[in-house]
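Comments concern the structure below.
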Amino acid sequence: MTVTIVGAQLGDEGKGGIVDVYGAAADVVARYQGGDNAGHTVVHEGEEYKLSLVPSGAVRGKVGVLGNGCVVNPATLFGEIDDLREKGLDPDVRVAERAHAILPFHRVLDNVEEDVKSDDDLSAGTTGRGIGPTYEDKVGRRGVRIGDLLDPDVLRRKLEYVVPQKRALIEDVYGVTLSEVDLSFDGFDAEAAFDVDAIYEQYHEYGRRLAEEEMTVNAGAFLADCIDGGETVMFEGAQGTSIDIDHGIYPYVTSSNPTAGGACTGTGLGPTVVGDGEVIGIVKAYLSRVGTGPLPTEMTDDEETLADETRERGGEFGTVTGRPRRIGWLDVPMVRHAARASGFTGIAVNHVDVLAGLDEVKACHAYDLDGETLETMPTTTERWGDCEPQYRTFEGWPDVDWTAVAEEGYDAIPGNARDYLEYVSEEVGAPLYAVGVGPEREETVVLESPL
Ligand code: GDP
Ligand code: IMO
Ligand code: MG
């Protein structure tokens, strides 16, 4: 049995919290794409865990797997594992030997290319973690995989091929003098990030630790064995549908497939396995966005104060980068698009408490594009940017004791909020499984448990 958790919007919908809530009944939690661009938050007993790579099930002591579809920065992974150990947890994380390693030059290239693109308004506002360049090398068949870190000869051979190319790219194409780049991370400065020996030494050491702690696996075989043995596997999507490389607002997207199909290609299990289970779309009751590009329902002009208040109430600052998130009204066509692309069997709507206290709450029901009404997203981002939201207005709901509401259950949620939730569920064509009314584990109203 499997359950797949997918972001229905632009990331940061509260996926980590829902994985934590439903994860109680899971044995294994597996990430299938992305890397340390993700920032998933779990709050339990006042302690806030911010997880970039370690799957969110770690807070409940579940086995975590980073599938082959992930890109893994070993420095982040070990740093996170060590931090969690300091907090008294004992994370058991397995990494797919087929997953790709983020190398230091990927991070430098990510930052440099973003800088260059910003002159033409083409930068995606990336997290700067080297995600795009690593996936480029994977598809270009010149990447270094986690399994390669275990074999010194293969590691060196691959680095000797790829590093000089990257050095030429940064120096000759981008015209960057590495000694002048003010960037350092994970023990690398920009010069060392393009040095075969420096990378080899560090990544060989990472390989040694991975082997010593017996962390590497054939993810597909490992997960299939778990399922065959009667265990329950949860797939934890990172990012969200509208920043999916195929289904998102290209080019302001990430470089992987957060949609449910990614759970197959990114783990080594078939669509029948993923499709046999549930696929739950995680929806934020409004929109938040870190990154660039259009955002038709963004609260701007006379709604700027409301955006600021919502940002403060919802703590809408990037988990990874600390950037203030842009705020908008719920974009229903975006969620309809997500429900189709992943085949949601249910949805969880989070942050209902954050909208409390407003006189009215708006939701973009459809778009007006050149006089035509659209109920789903146009395929080009430029056309999406031209869309004028057609709003439905809902009466606001009061701020209440949300912890008490969560304890009492769905009927204790204020009626106007329930009207809003039922509208969303109806439009998206998927039943409401859970409602988030606060960040704590206990602040989720569970209507349906998929496990
Ligand atoms: P993820 O990337 O989808 O896991 O989401 P993030 O962790 O980046 O961002 C969600 C933020 O909202 C975190 O700080 C969560 O603790 C918090 N959160 C999640 N659900 C709720 C909710 O229902 N209400 C409130 N107020 N906060 C929530
Ligand atoms: P979680 O899992 C929100 C955005 C970046 C940028 C674009 C590309 O916490 O929901 P990247 O570094 O991936 O190449 O950046 O995608 N982005 C996210 N936005 N939540 C995330 O993850 C994100 N991961 C990437 O801001 O616009
Ligand atoms: Mg996040």
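Indexing begins at 1, ligand by ligand and atom by atom, following the structure's order.
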Contact (N/O only, under 3.5 Å) between His351 and ligand 1: yes
Atom indices of ligand 1 within 4.0 angstrom of Asp12 heavy atoms, with elements: 1 (P), 2 (O), 3 (O), 5 (O), 8 (O), 9 (O), 10 (C)
Selection from Leu51, Ile243, Thr126 by shortest heavy-atom distance to atom 14 (O) of ligand 2: Thr126
Numbered atoms of ligand 1 (with element) below 4.0 Å of Gly436, judged on heavy atoms: 23 (O)
Ligand 2 to Thr254 polar contact by distance, N or O atoms, under 3.5 Å: yes
Which of the ligand 2 atoms, numbered from 1, are nearer than 4.0 Å to a heavy atom of Lys15: 1 (P), 2 (O), 10 (O)
Minimum non-hydrogen distance to atom 6 (C) of ligand 2, winning option of Ala38, Gly7, Ala124: Ala124
Heavy-atom nearest neighbour of atom 5 (C) of ligand 2 within options Gly125, Ser123, Gly39, Gly128: Gly125
Arg289 bridged to Glu316 by N-O distance under 4.0 Å: no
Over-ring placement of Arg107 relative to Phe185, 6.0 Å and 45° cut-offs: yes
Spacing of CG belonging to Leu432 relative to CZ belonging to Arg418, to within rounding of 0.5 Å: 11.5 Å
Minimum-distance atom from the Mg ion (ligand 3) among N, O or S atoms of Asp12: OD1
For Gly291, the ligand 2 atoms whose distance to one of its heavy atoms is below 4.0 Å: 27 (O)
Contact check: Glu13 vs ligand 1, nitrogen or oxygen atoms, below 3.5 angstrom: yes
Arg60/Asp20 ion pair, N-O < 4.0 Å: yes
The Mg ion (ligand 3) reached by Gly16 (N, O or S, under 2.8 Å): no
Per-residue contact class, Asp110 against ligand 2 - non-hydrogen pairs under 4.0 Å: neither
Salt-bridge present (Glu236, Lys15; N to O < 4.0 Å): no
Region of Val354 that comes within reach of ligand 1 [heavy atoms, distance under 4.0 Å]: side chain
Part of Glu316 within contact of ligand 1 (heavy atoms, under 4.0 Å): neither
Per atom 24 (N) of ligand 1, closest listed option by heavy atom (Val349, Ile18, Asp353, Ile5): Asp353
Heteroatom proximity flag, Arg129 to ligand 2, N/O under 3.5 Å: no
Residue-ligand contact Gly438/ligand 1, heavy atom below 4.0 Å: yes
Atoms in ligand 1 with a heavy atom of His40 nearer than 4.0 Å: 1 (P), 2 (O), 4 (O), 7 (O)
Those atoms of ligand 2 less than 4.0 Å from some heavy atom in Leu10: 3 (C), 19 (N)
Ligand 2 to His40 polar contact by distance, N or O atoms, under 3.5 Å: yes
Gly16 N/O to ligand 1 N/O under 3.5 Å: yes
Pair Asp386, Tyr367: side-chain N/O donor-acceptor within cut-off below 3.5 Å: no
Element-labelled atoms of ligand 1 that are located less than 4.0 Å from some non-hydrogen atom of Arg325: 8 (O), 9 (O)
Any Gly7 heavy atom less than 4.0 Å from ligand 1: no
Heteroatom proximity flag, Tyr252 to ligand 2, N/O under 3.5 Å: no
Atoms of ligand 2, numbered as shown, that sit under 4.0 Å from any heavy atom of Gly11: 3 (C), 10 (O), 20 (N)
Gly17-ligand 1 polar pair, N/O distance under 3.5 Å: no
Atom indices of ligand 2 within 4.0 angstrom of Arg323 heavy atoms, with elements: 26 (O)
Value rounded to 0.5 Å, distance of CZ in Phe235 from SG in Cys264: 8.0 Å
Contacting atoms of ligand 2, where contact means under 4.0 angstrom from a heavy atom of Arg289: 27 (O)
